[in-house]
Number of protein chains: 2
Amino acid sequence: MRQPRDLNATSAATLGLLHRLRSATAGELARAAESDISPFWGITRSQIFRELPLLAGRGLVGAGDTGPRGSVPYHLTDAGREAFATWLVGVPQVQQPREELLLRIGFGEHFGPDELEVLLGGHREAHEARLAQLEAERVAMLEAGETYRLVTCEYGIRYEKMVLAWIEDLPKLLTS
Amino acid sequence: MRQPRDLNATSAATLGLLHRLRSATAGELARAAESDISPFWGITRSQIFRELPLLAGRGLVGAGDTGPRGSVPYHLTDAGREAFATWLVGVPQVQQPREELLLRIGFGEHFGPDELEVLLGGHREAHEARLAQLEAERVAMLEAGETYRLVTCEYGIRYEKMVLAWIEDLPKLLTS
DNA sequence: TGGTACATGTAACATGTTACATGATTAG
DNA sequence: CTAATCATGTAACATGTTACATGTACCA
């Protein structure tokens, strides 16, 4: 069995969620991932199902007794808690940006102005929707006193506003 | 041989770069990817080496005569040009955000204030460096009259400024 | 009681990353 | 001439995505 020294973000997120829930099955973790971290990190159910046995093999989580439908509850071990804490303050990975819209616009030489408009219109809608959702979440976080989740919300809001402003300014920028 | 109907962004980027270069080997494409699109879309050399024969199998690119060191020059076919144009204005994919810093801060319950400072400090430096680089690029794009690349640059600059401001405001946001 | 919806879990596949083998070029 | 460097290409692996098989609960 391979034993990589460091956690990747996906493994770490799994441990972090498990930390929060104390004990959880793969399905419960998947739901927690969706509600808690999906705005800034995506994990699929399948990944979690695959992760848990691997983490167990590395001694970072332990499996409890099989429950209904063969579902297995997992919990953090001391080693898992330690690995998570180490990851949390570790050297930040350089993120490779990945913006399909920008990729397309970088090839903008190949489309006419009306095509650009259509493309931008679709994105504007999507970003407006996300902005609205994040602002609603921010209110909820404020009320719940969840300061750390609040600032991640704030980040999302600022990001969406930045994108919307950029989309707004694009025609002007292109002709200047 | 599998024949997916639509291109993914990575295949499309390969075609787009090939479009620009008219004819290129895998290595040349990799260098173009690095210089032209790396700020908003990462592709590795290995991916390009893998992509090209697949694209050729789908009839989107054609291979020329083997050159020095067994390198093969590829060029777009008419079908490839068409596939690229279709992708360019196609339905935008919903992007899954992927921000490791936010993931960590979302688990901020687990670290002390000084650990947060260290984490933020590292990121601030990285973002300042990127900002400086992008601003230099913007000047170059302006001089070259590359309007589309200019606006992608502008996006990057606004993004970096947004992140830096957010990092700056974080302590205040956390205590409010 | 039939059937619709949902949840668990698996497997196949697509994409991204890393490490290496090989041959050419170049600097000393 | 030799060693270091660099470029091409390959292969193994890690991660992410999609589709499916199965079983359970709910509800008309």
Side-chain angles (χ1 to χ4, degrees), chain A residues 1-15 24-35 37-38 40-58 63-74 87 93-100 103, chain B residues 1-15 24-35 37-38 40-58 63-74 87 93-100 103:
Chain A
M1 164 124 11
R2 222 178 47 84
Q3 297 282 56
R5 178 164 219 99
D6 295 323
L7 294 174
N8 63 29
T10 297
S11 308
T14 307
L15 293 184
T25 64
E28 288 165 348
L29 282 170
R31 278 186 292 275
E34 172 61 29
S35 79
I37 64 178
S38 70
F40 38 86
W41 198 269
I43 315 185
T44 60
R45 264 175 8 95
S46 286
Q47 281 178 282
I48 294 175
F49 275 102
R50 184 174 43 194
E51 274 294 322
L52 285 170
L54 293 175
L55 292 171
R58 292 165 69 182
D65 296 334
T66 300
R69 304 189 195 187
S71 66
V72 178
Y74 286 89
W87 168 82
Q93 291 284 102
V94 268
Q95 294 279 129
Q96 180 68 263
R98 194 147 262 265
E99 292 282 349
E100 191 173 312
L103 183 60
Chain B
M1 163 129 4
R2 220 179 48 84
Q3 297 282 54
R5 179 165 219 97
D6 296 324
L7 294 174
N8 63 31
T10 297
S11 309
T14 307
L15 293 184
T25 64
E28 289 165 346
L29 281 170
R31 279 186 291 275
E34 173 61 28
S35 80
I37 64 177
S38 69
F40 38 85
W41 198 271
I43 313 186
T44 60
R45 262 175 11 94
S46 286
Q47 281 179 283
I48 293 175
F49 275 103
R50 186 173 42 193
E51 274 294 323
L52 285 170
L54 293 176
L55 292 173
R58 291 165 70 181
D65 295 334
T66 300
R69 304 188 196 187
S71 67
V72 179
Y74 287 88
W87 168 81
Q93 291 284 101
V94 267
Q95 295 280 127
Q96 181 68 263
R98 194 147 262 264
E99 293 282 350
E100 191 172 314
L103 183 60

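Every chain is numbered from 1 and lettered A, B, ... according to where its sequence line falls, protein lines coming before strand lines.
- Rounded to whole Å, atom P of D:dT15 lies 9 Å from atom CG of A:Leu54.
- Residues B:Asp6 and B:Arg58 approach most closely at O-NH2, 3.8 Å, considering heavy atoms.
- Judged by distance alone, the side chains of A:Glu51 and A:Ser11 do bring a donor and an acceptor atom under 3.5 Å apart.
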Side-chain donor-acceptor distances from residues 26-33 of chain A under 3.5 Å, at least two apart:
from: A:Glu28; atom 1: OE1; to: A:Thr25; atom 2: N; distance (Å): 2.9

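- Rounded to an integer number of Å, the gap from A:Phe49 CZ to D:dG16 P is 17 Å.
- Residue contacts for B:Thr44: at a heavy-atom cut-off of 4.0 Å it reaches a base atom on one of the strands shown.
- Nucleotide C:dT17 holds its P atom 10 Å from the CZ atom of B:Arg50, rounded to whole Å.
- A heavy atom lying under 4.0 Å from DNA chain D marks none of the residues of residues 24-34 of chain A.
- A:Leu7 CG to A:Thr14 OG1: the interatomic distance, rounded to the nearest 0.5 Å, is 9.5 Å.
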Open item on the list: Walk me through whether A:Arg45 and A:Ile48 qualify under side-chain contact (heavy atoms from CB on, under 4.5 Å).
Closed with: CA-CA 5 Å; A:Arg45 264 175 8 95; A:Ile48 294 175; 5.8 Å; no
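- Summarising the geometry, the separation between CG on A:Leu52 and P on C:dG9 is reported as 10 Å, rounded to the nearest angstrom.
- In this structure, CD1 of A:Ile48 is placed 15 Å from P of D:dT15, rounded to the nearest angstrom.
- Between the side chain of A:Ser46 and the base of C:dA11 there is at least one donor-acceptor pair of N/O atoms closer than 3.5 Å.
- Between the CZ atom of B:Arg45 and the C1' atom of D:dT8 there is a distance of 6 Å, rounded to whole Å.
- Residue A:Asn8 contributes atom CG, which lies 15 Å from atom C1' of C:dT15 at whole-angstrom precision.
- In this structure, CD of B:Gln47 is placed 15 Å from C1' of D:dA11, rounded to the nearest angstrom.
- The shortest non-hydrogen separation linking B:Ile37 to B:Ala13 is CD1-CB, 3.9 Å.
- Among the heavy atoms of the strands lying under 4.0 Å from B:Thr10 are primed sugar atoms or P, OP1, OP2 only; no base atom is included.
- For B:Arg98 and D:dG16, a side-chain-to-base donor-acceptor distance below 3.5 Å is absent, hydrogens and geometry of angles not being considered.
- With hydrogens and angles disregarded, a donor-acceptor distance shorter than 3.5 Å links the side chain of A:Gln95 to the backbone of B:Arg98.
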